[in-house]
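Side-chain atoms are counted along with the backbone in the values below, which use heavy atoms only and exclude waters and symmetry mates. Every number for a ligand or one of its atoms is a count from 1 in the order of the listing.
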Amino acid sequence: MKVLVINCGSSSLKYQVFDMQTETVLAKGNVERIGIDGAFLKYRRGDEDTITVEAEIPNHEVAIQLVFAALTNESYGVLKSAAEIEAVGHRVVHAGEKYASSVVIDDDVMAALRECIELAPLHNPPNIVGIEAAQKLMPNVKHVAVFDTAFHQTMPDYAYMYALPYELYEQYRVRRYGFHGTSHKYVAERAAAILGRPLSELKIITCHLGNGASVTAVNCGKSVDTSMGFTPLEGLIMGTRSGDVDPAVITFIQDKEGLASEQVNNLLNKQSGVFGVSGVSSDFRSLEEASEAGNKRAALAMEMFAYRVRKYIGAYAAAMGGVDAIVFTAGLGENSPSMRQNICAGLEFLGVKPDAEKNNARGKEVDFSANGAKVHTLLVPTNEELMIARDTVALVQG
Ligand code: ADP
């Protein structure tokens with residue numbers, strides 16, 4: 001079965017086509033600047049060079065048409081016709097409390113996604129636009145929604161509730177939801193496979209460390225706590241997001257600087273994190289360079305980042321009453337041996353003991369714990385698209 005996986009942002013669209021018989025990626029790429037001047041499509045067949053096509057791309061429907069034109073192109077395509085696609089998997093950010101797993105999209109699902117717009121105003125609208133555009137172009141295949149929030153629906157109420165007046169939960173569904181669920185689930189499953197043990201017996205802490213970053217406690221295959229909350233702002237320090245701060249700081253700054261709520265939102269989401277602390281960059285490669293050149297704020301930002309992750313690991317070991325494995329994934333987690341090492345430093349009391357030589361790896365599955373370490377430390381590259389494609393096949397085949 002050939003499956004198209006789509007991930008729509010407000011002005012972008014990422015896509016991959018899988019042959020699910022072999023779970024191989026036939027082609028993948030992205031469309032950027034949709035609805036803006038200078039739009040383009042990038043396309044890559046297998047491991048070949050990337051092709052860039054510049055075009056006027058006023059909306060997501062045109063973007064998907066262009067994707068199909070590339071996929072069926074005579075010289076570099078991978079399909080004879082678009083009809084070879086038998087199902088489409090869509091990444092959707094927020095399903096509120098409605099869905100705890102992936103679903104085949106129907107009118108009820110679309111209505112639920114619209115209801116969740118107020119919970120994810122930046123993410124759900126482009127996801128909906130992408131689904132509608134794809135349905136229009138492929139009306140005869142099943143479309144599946146795979147939600148970032150679904151995996152975390154197993155959190156117990158004492159972990160997902162905020163200690164605010166209960167009515168706010170009843171009225172507005174203010175609670176913790178968690179995100180990156182597809183990634184946390186994928187790497188937890190891979191960790192169990194690498195360790196050769198059933199997921200249902202393991203206590204795993206998964207650290208998804210990219211531009212957005214979150215930690216999840218996965219007990220016996222179920223998410224029991226995660227660091228992101230009502231929105232992807234809570235928890236870890238991120239590229240430009242603050243993560244946890246005393247909520248009183250927000251009203252304090254609002255009063256001092258005379259900021260509107262939208263401006264505070266922007267400050268916490270776009271001006272903060274390691275970027276805000278360092279004043280250098282949100283990218284850890286630039287921070288490492290700056291720190292090596294003696295920039296103290298860049299060094300401080302990285303130390304704060306590692307310390308916050310370490311604290312969450314400690315908290316989640318306590319939440320689960322132990323930990324068998326800690327998994328690192330996403331841009332930073334997969335590519336920075338020094339950050340993994342710094343996060344693990346000080347966790348020896350838990351039985352965490354990384355092997356520096358084994359840890360010197362990038363972008364491939366490795367158990368980098370030292371011989372005899374009580375807690376395994378693993379590097380597992382995430383693959384959200386494959387997870388989406390797998391869920392899509394499972395649902396379509398019924
Ligand atoms: P996103 O949340 O946008 O999907 P990614 O998972 O792609 O983010 O992670 C992007 C981040 O990963 C970059 O901002 C950068 O800080 C970090 N990163 C990527 N490669 C490296 C590297 N070689 N060394 C250190 N950090 C890296």
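- The N/O atoms of Ala330, backbone and side chain alike, include none that comes under 3.5 Å of an N/O atom in ligand 1.
- One finds the CD1 atom of Ile64 at 11.0 Å from the CG atom of Leu71 (value rounded to the nearest 0.5 Å).
- In the hydrophobic clustering, Ile36 connects to no other residue, as no ILVMFWY side-chain heavy atoms lie under 4.5 Å from its own.
- A donor and an acceptor atom, one from each side chain of Glu288 and Ser336, are located under 3.5 Å apart.
- The aromatic rings of Tyr15 and Tyr43 lie parallel to each other, their planes meeting at an angle below 30°, with 60° marking the opposite boundary.
- Nearest heavy atoms, Thr329 versus Val380: OG1-O, 2.6 Å.
- In this structure, atom 3 (O) of ligand 1 has protein heavy atoms in its sub-4.0 angstrom surroundings.
- By the 30° and 60° cut-offs, the orientation of the rings of Tyr160 relative to Tyr169 is tilted.
- Ligand 1 has no N or O atom lying under 3.5 Å from any N or O atom of Gly210, backbone or side chain.
- The heavy atom nearest to atom 24 (N) of ligand 1, out of those in Arg285, His180, His208, Met238, is found in Arg285.
- Every atom of ligand 1 with a heavy atom of Asp283 under 4.0 Å away is listed here by number and element: 13 (C), 14 (O), 15 (C), 16 (O).
- Within the structure, the ring pair (Phe, Tyr, Trp, His ring centres under 6.0 Å) test picks out the following pairs touching residues 269-290 (sequence neighbours left out): Phe284-Phe305.
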inquiry  = Pair Leu379, Glu334 - check side-chain contact (heavy atoms from CB on, under 4.5 Å), show working.
reply    = CA-CA 6 Å; Leu379 158 54; Glu334 291 171 25; 4.0 Å; yes

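- Taking every non-hydrogen atom of Gly212 and a distance limit under 4.0 Å, the qualifying atoms of ligand 1 come out as 2 (O).
- Nearest to atom 23 (N) of ligand 1 among the protein's heavy atoms is Asn335 CB, 3.4 Å.
- For ligand 1 and Phe284, the ligand atoms under 4.0 Å from any heavy atom of the residue are 15 (C), 16 (O), 26 (N).
- At a 3.5 angstrom cut-off on N or O pairs, Asn211 counts as close to ligand 1.
- In this structure, atom 26 (N) of ligand 1 lies nearest to the protein heavy atom Leu332 CD1, 3.6 Å.
- Nearest-heavy-atom check against atom 5 (P) of ligand 1 across Pro232, Gly331, Ser338 picks out Gly331.
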